[in-house]
2 protein chains.
Amino acid sequence: MSYSVGQVAGFAGVTVRTLHHYDEIGLLVPGGRSHAGHRRYDDADLDRLQQILFYRELGFPLEEVAALLDDPKADPRAQLRRQHELLTARIERLQQMAAAVEHAMEARRMGINLTPEEKFEVFGDKDPEAHAEEAERRWGGTETYEESQRRAATYTKDDWKRMQAEVASWGERYDALMAAGEPPTGEAAIAMAEEHRQHITKWFYECTYEIHQGLAETYVSDERFKEFYDSMRPGLAEHLREAITANAARHTS
Amino acid sequence: MSYSVGQVAGFAGVTVRTLHHYDEIGLLVPGGRSHAGHRRYDDADLDRLQQILFYRELGFPLEEVAALLDDPKADPRAQLRRQHELLTARIERLQQMAAAVEHAMEARRMGINLTPEEKFEVFGDKDPEAHAEEAERRWGGTETYEESQRRAATYTKDDWKRMQAEVASWGERYDALMAAGEPPTGEAAIAMAEEHRQHITKWFYECTYEIHQGLAETYVSDERFKEFYDSMRPGLAEHLREAITANAARHTS
DNA sequence: GTGCGTCCTCACGTCGGGTGAGGTGCAAGC
DNA sequence: GCTTGCACCTCACCCGACGTGAGGACGCAC
């Protein structure tokens, strides 16, 4: 069984030119040539191509791909293990990005102004310095709630107002609920947690129960988020977190 | 608050040159310039840069990134929704790739010879034609079990033999177990399922309970995989699937 | 023999930047 | 006051991973 460039290009989903290129740079030299000089790929070549495409997809430069594949002390078992690790690492990375996106949007929803460093946190730039100076800018600056609101206002003003009204209404009702001594695991609190989740879904993005729980954690762990909720009533942040957790538990069981 | 190229490059984790480039092509033009002609980026620029990097990371060409960001009918809400969708789609894709890698390795373990089309299945090339002709090659070909074994033999011969011995031993014991009338949910069968899982982990890759269950499904749904197991004893494939499921359930509860 | 389809080999174009070369503006140290 | 250093500027060529013709060879079909 041997295949022409066209056939291989066909089922591998690459162009003929790409195969030519790989031949040129010695990354994938076909097992043989026909008498007319046409490239003939055998099954081993296909296996190799599959591996090449795998690593390419994950963004490796071709030179490194060659190194990985020609590594003599990497048998198929090691290859597989590596591929599997790469994939799971990648997935984790994306999940972190998703979490960061959710986080960023929550900040926006509350009119919290992230520092530049925080904005780029997603991209994994663990550079924990310039932190004193940063706090200066953050708390000493003159950027107000109002101002950051203005910046977020690519919404129509009406939309924004209506959303704020919903938030306010929800806040008052949650305040009342706590005043009445309702526990976080009670029906009333759980209903409010669910309303909170649906508010996010309505105005921002599909907020799953899982995501919601993630957000709940930051409401108590991040000072600014906590302040947002505690300003409605002291202790609200924690109360809400527990209600959200209870609500999530109910729906994932 | 405004920042120089160097500062921005710093916390965004890109080079100064990149920022120059983005300015040149009009993708990110700084809000202003200092009297000396130095670029000054303001907070809105940072937000935009963050978005740019997000889409770039997902592989969009810069021109498209510009189109996405300058789309007038995409408010922050729509952006967020889109980003979130892109991420979850990407994650799903990677998970499929991971599953395909697992699948490929199982095939190798059993000496099953995938058709070229199957080898590239991962890369999503749904082209369900040329299927009759394909079956010809697949079943009519002369490639034997032996041959495909040979190709997979980048293992040391010893390793391969020892692995095969383990498989054989396991098969005999599973055969006996079924002959004795053990149910798939019984202790003995579950122990065999667990041994099966650990065999894969030992020789190939970290096989989680979740992955194991995925494999179990293909053992009954893919004719060739089914044949591999049923040749040890008719009905073994299905028996094993249920045992694996029971074993997985025990460990994830 | 004349299409046609697929293959071949140059060889230049494109995209997203990297990497100097050579020059300017400004603060600090001598 | 002068120079040294640093961060910035523009101009311009270089690179990887192909895309995109141009111009030609093969084989089969009519």
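Letters go in sequence order (proteins before strands), and every chain restarts at 1.
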Using a cut-off of 4.0 Å on non-hydrogen atoms, how would the nucleic acid contact of A/Tyr22 be classed: base, sugar-phosphate, or nothing?
-> sugar-phosphate

What nucleic acid atoms does A/His20 come within less than 4.0 Å of, heavy atoms only: base, sugar-phosphate, or nothing?
-> base

5'-most to 3'-most nt of DNA chain D touching chain A (<4.0 Å, heavy-atom partner on protein side) reads D/dA17 to D/dG27

Would you call [X] and [Y] a salt bridge, using N to O less than 4.0 angstrom?
X: B/Arg197; Y: B/Glu206; answer: no
X: A/Asp70; Y: A/Arg48; answer: yes
X: A/Arg39; Y: A/Asp45; answer: no

Reckon A/Ser4 has a side-chain N or O less than 4.0 Å from the OP1 or OP2 of C/dT6?
-> no

Hey, is the side chain of B/Arg33 poking within less than 4.0 Å of OP1 or OP2 on C/dG25, counting only N and O atoms?
-> no

Atom [atom1] of [X] to atom [atom2] of [N]: distance rounded to whole Å?
X: B/Glu63; N: C/dG16; atom1: CD; atom2: C1'; value: 12 Å
X: B/Leu62; N: C/dG16; atom1: CG; atom2: P; value: 4 Å
X: B/His21; N: C/dT19; atom1: NE2; atom2: P; value: 15 Å
X: A/Gln7; N: C/dG5; atom1: CD; atom2: C1'; value: 14 Å
X: B/His38; N: C/dA27; atom1: NE2; atom2: P; value: 11 Å

A/Gln7 and A/Tyr41 side chains, donor-acceptor separation under 3.5 Å | no

Assess the side chains of B/Thr18 and B/Thr15: does a donor N or O sit below 3.5 Å from an acceptor N or O?
-> yes

Of all heavy-atom pairs between A/Cys207 and A/Thr201, which one has the smallest distance, and what is that distance?
-> N-OG1, 3.1 Å

Going through the distances and angles, do B/Gln79 and A/Tyr205 end up as a side chain to side chain donor-acceptor pair (under 3.5 Å)?
-> CA-CA 10 Å; B/Gln79 284 300 346; A/Tyr205 57 92; over 6 Å; no

Looking at C/dC8, C/dG17, C/dG18, which one has an atom nearest to any side-chain atom of B/Thr15?
-> C/dG18

Can you figure out which of C/dT9, C/dT19, C/dG25 approaches the side chain of A/Arg39 most closely?
-> C/dT9

Would you kindly compare B/Ala36 and B/Arg17 by the position of their nearest DNA chain D nucleotide and give the one closer to the 5′ end?
-> B/Ala36

